[in-house]
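Only one structure is covered here, and it is reproduced in the block below.
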2 protein chains.
Amino acid sequence: MEKQTITIYDVAREAAVSMATVSRVVNGNPNVKPATRKKVLEVIDRLDYRPNAVARGLASKRTTTVGVIIPDVSNAYFASLARGIDDVATMYKYNIILANSDGDDKKEINVLNTLLAKQVDGVIFMGHHLTEEVRGEFSRSKTPVVLAGSIDPDNQVGSVNIDYREAMKDATNALIASGNKKVAFISGSLLDPINGVSRLNGYKEALTENNITFTEGLVFESDYSYKAGLALKDRVLNSGATAAVAADDELSVGLLNSLTDSGVKVPDNFEIITSNNSLYTDMARPSVTSITQPLYDIGAVSMRLLTKLMNKEDIEEKSIILPYGLVKRGSTK
Amino acid sequence: MEKQTITIYDVAREAAVSMATVSRVVNGNPNVKPATRKKVLEVIDRLDYRPNAVARGLASKRTTTVGVIIPDVSNAYFASLARGIDDVATMYKYNIILANSDGDDKKEINVLNTLLAKQVDGVIFMGHHLTEEVRGEFSRSKTPVVLAGSIDPDNQVGSVNIDYREAMKDATNALIASGNKKVAFISGSLLDPINGVSRLNGYKEALTENNITFTEGLVFESDYSYKAGLALKDRVLNSGATAAVAADDELSVGLLNSLTDSGVKVPDNFEIITSNNSLYTDMARPSVTSITQPLYDIGAVSMRLLTKLMNKEDIEEKSIILPYGLVKRGSTK
DNA sequence: CTGTTAGCGCCTTCAA
DNA sequence: TTGAAGGCGCTAACAG
């Protein structure tokens, strides 16, 4: 037989009070006489009573769990965000349902729907782009949403990011300042606004400021992976580039290693600046100069923003921009 | 006002059938005449009805969500496991509530309790050790549990691992075979059975087979981090060791880099074999020879095992051991 | 193949 | 400060 689950009703009977009273002490409602509270608490302890959160969720319409849609937890960038999210969630007594989407539109929609079916109180979305369909679901649902490390061109939902455009501009300028005339721009899909709009524009602005003509041939659309970086070497060298700004660390280290392994000296003959300042940049030899992003904080602040939204608090600004930096390492002169 | 949530009752009314019938089509019960099924489906579509999973959970006593307790998602090793877990969970229509514990006993207990309060159908636990308290909760609860990449000395719950002892023995033997007389053993806390029992025993066995006397001075208890690896260099060199087997990749690369940076040639003057074959081992220069563990699979198989447990299927063997390997890279001769 | 009827365990007015 | 009663939205026998 199933172990008899003990309910609020059992506690009420044993303590000789009503369910309502038990409910009150369980939920910390102050309107209970200390004496009865104590009595109830004792019975709860004796019976080892555990409130059923599902029943509570049904009755109260709050589940204290939020959905987190992430492209891939095993990617260091997103994993850092996720850690920040969970820590703040825990702090505010929420749990997170984590779901990997691989950045795939269909999966995102599916996952979002099951999350909403499970009545999550809020959703944090990470992804390289937002399809119309996903945005449609967001706006038709009453559930608050925050984008973490992801751009929303329309700015309809909350979001937390750094200024990718400025950061990329700074990185490009730094490379130009050290004498590079041809700086390659390497990113993931340019269809993603974070690359095709924010970062690419920052890159172009730097060129313009330095009177350098933009060339399509120096733009490389790739994959956020170490392998993709390894594979990029020849194309990059053939383009005549003597430096590169890249949107991903694994990608950058891949490029760096294949360059080094084939005899190209970094930074003497080729310089690299990457974007995420993950552990990879520090481990590589030479280590990689990088834009620094407060990844953990982006996650943490996103979750904090979401708690406010769920709480229907007034929000000054739904689109939060966090500061970035640039840390110089061995891959630049 | 809140957007009026539409329920199974609304659909029943509009389709002129009973709630039971609607429930049947929603749940794919075959006992419904195709015509009525079609009719109901149309109404569902027209009303944009979404079943409420919380209510379903309360009524059916199944939430189709499992709890995953993880020390730290931003650690590459655990993140890989987590990805395997989520993929298989999705495959079987489950979602995962992910909770970071930092390997802290208190947090583990807390998290486990809220997970159980939320009526998860099962739990996957990852952690370096299992406290008595946690094991107590496991056994007193009816909820199935599987340990992923974690040892249970008592073997009371399901688990999926590799044979850490044999793997470490092989690695140590390889180092001895290439001429090293003094091989350092570097791991996390020796209080964790995976280190203090499995791995250390494998290391000792290798020594014994080669008539080498075990020395406490060659055992280094450290932290699973890059920094800890960097900090270990002097102590390791002072011990007279000419090689090391290590239990963690970040740790290993830290040691490797601080060795290289201070002029010690790897592998000529010092050899290293690490344990997890993460991307770090491939990115490092020289790259690091490693035991290969099917991390993703450990996660995936754990979740698969859990589905069987939740389904009350007969299990041949609750403790699954997956194969490991050894991949030679630049850190060994 | 379909409908009726009880709950699942808890919260939340509304009275007392 | 406490209790009674009515749901929350859905599933699960059990009839028919």
Side-chain angles (χ1 to χ4, degrees), chain A residues 2-41 43-44 47-65 114 116-121 142, chain B residues 1-41 43-44 47-65 93 114 116-121 142:
Chain A
E2 291 293 322
K3 181 168 59 181
Q4 180 62 42
T5 63
I6 75 127
T7 77
I8 199 173
Y9 183 77
D10 300 313
V11 176
R13 183 170 28 72
E14 289 290 312
V17 297
S18 73
M19 303 170 45
T21 301
V22 178
S23 176
R24 289 193 185 93
V25 347
V26 167
N27 293 297
N29 184 318
N31 287 5
V32 181
K33 203 196 317 181
T36 51
R37 175 189 305 284
K38 182 156 174 292
K39 184 173 58 179
V40 172
L41 251 17
V43 175
I44 285 180
L47 264 44
D48 195 28
Y49 164 70
R50 318 270 190 99
N52 178 324
V54 174
R56 174 182 299 176
L58 182 60
S60 69
K61 298 183 169 300
R62 291 189 63 237
T63 54
T64 64
T65 107
T114 87
L116 294 177
K118 292 204 172 176
Q119 313 297 117
V120 294
D121 296 332
K142 288 286 300 171
Chain B
M1 278 286 72
E2 291 293 322
K3 182 170 57 184
Q4 179 61 41
T5 65
I6 74 126
T7 77
I8 200 173
Y9 182 76
D10 300 311
V11 177
R13 182 168 31 71
E14 289 289 312
V17 297
S18 73
M19 303 171 44
T21 300
V22 178
S23 176
R24 287 192 185 93
V25 347
V26 168
N27 292 299
N29 185 317
N31 288 5
V32 181
K33 201 194 324 183
T36 52
R37 175 188 305 283
K38 184 156 172 290
K39 184 174 59 178
V40 172
L41 250 18
V43 175
I44 286 179
L47 265 45
D48 193 30
Y49 165 71
R50 319 271 190 96
N52 179 323
V54 173
R56 175 183 296 174
L58 182 58
S60 69
K61 296 181 169 303
R62 291 189 63 237
T63 54
T64 63
T65 107
K93 310 287 185 196
T114 88
L116 294 177
K118 294 205 172 177
Q119 312 298 118
V120 294
D121 296 332
K142 288 285 302 172

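All figures in this text were calculated on a predicted structure; none of them were measured in a lab. Sequence lines set the chain letters: A, B, ... in the order given, protein chains first and strands last, and positions in each chain run from 1. Worth knowing before you read on, the calculation uses all heavy atoms, side chains too, and leaves out hydrogens, waters and symmetry mates.
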Separation between OG1 of A:T7 and CG of A:D10, rounded to the nearest 0.5 Å: 4.0 Å

Sub-4.5 Å side-chain heavy-atom contact between B:T63 and A:V54: yes

Five-pair end axes of the helix from C:dC1-D:dG16 to C:dA16-D:dT1 and the angle they enclose, rounded to 10°: 30°

Inter- and intrachain pairs under side-chain hydrogen bond (donor to acceptor under 3.5 Å, both in side chains), touching residues 53-62 of chain B, at least two apart: B:R62-B:Y94

Nucleotide range of DNA chain C lying under 4.0 Å from chain B heavy atoms: C:dC1 to C:dG9

side-chain contact (heavy atoms from CB on, under 4.5 Å) evaluation trace for B:V25 with B:V17: CA-CA 11 Å; B:V25 347; B:V17 297; over 6 Å; no

With the criterion being N/O to N/O and under 3.5 Å, what pairs connect the protein with nucleotides 5-8 of chain D, and how long is each?
| unit_1 | atom_1 | unit_2 | atom_2 | d |
| --- | --- | --- | --- | --- |
| D:dC8 | O3' | A:K61 | NZ | 3.2 |
| D:dC8 | O2 | A:A59 | N | 3.4 |

Gap between atom OG1 of B:T5 and atom CZ of B:R50 - 0.5 Å precision: 12.0 Å

N/O (side chain, A:T21) to phosphate O (OP1/OP2, D:dT1) under 4.0 Å: no

Residues A:T114 and B:K93: side-chain donor-acceptor under 3.5 angstrom: no

Closest-nucleotide ordering on DNA chain C, the 5'-leading residue of A:V54 and B:A16: B:A16

Interatomic distance, B:I6 atom CD1 to B:N52 atom CG [nearest 0.5 angstrom]: 11.5 Å

Selection residues 15-35 of chain A - residue pairs positive for side-chain hydrogen bond (donor to acceptor under 3.5 Å, both in side chains), sequence neighbours left out: A:S18-A:T21, A:S23-A:N27

DNA chain D-proximal residues of residues 25-34 of chain A, any heavy atom under 4.0 Å: A:N31, A:V32, A:K33

Distance-only donor-acceptor test (3.5 Å): side chain A:R24, base D:dG3: yes

D:dC10 phosphate, OP1 or OP2, under 4.0 Å from B:S23 side-chain N/O: no

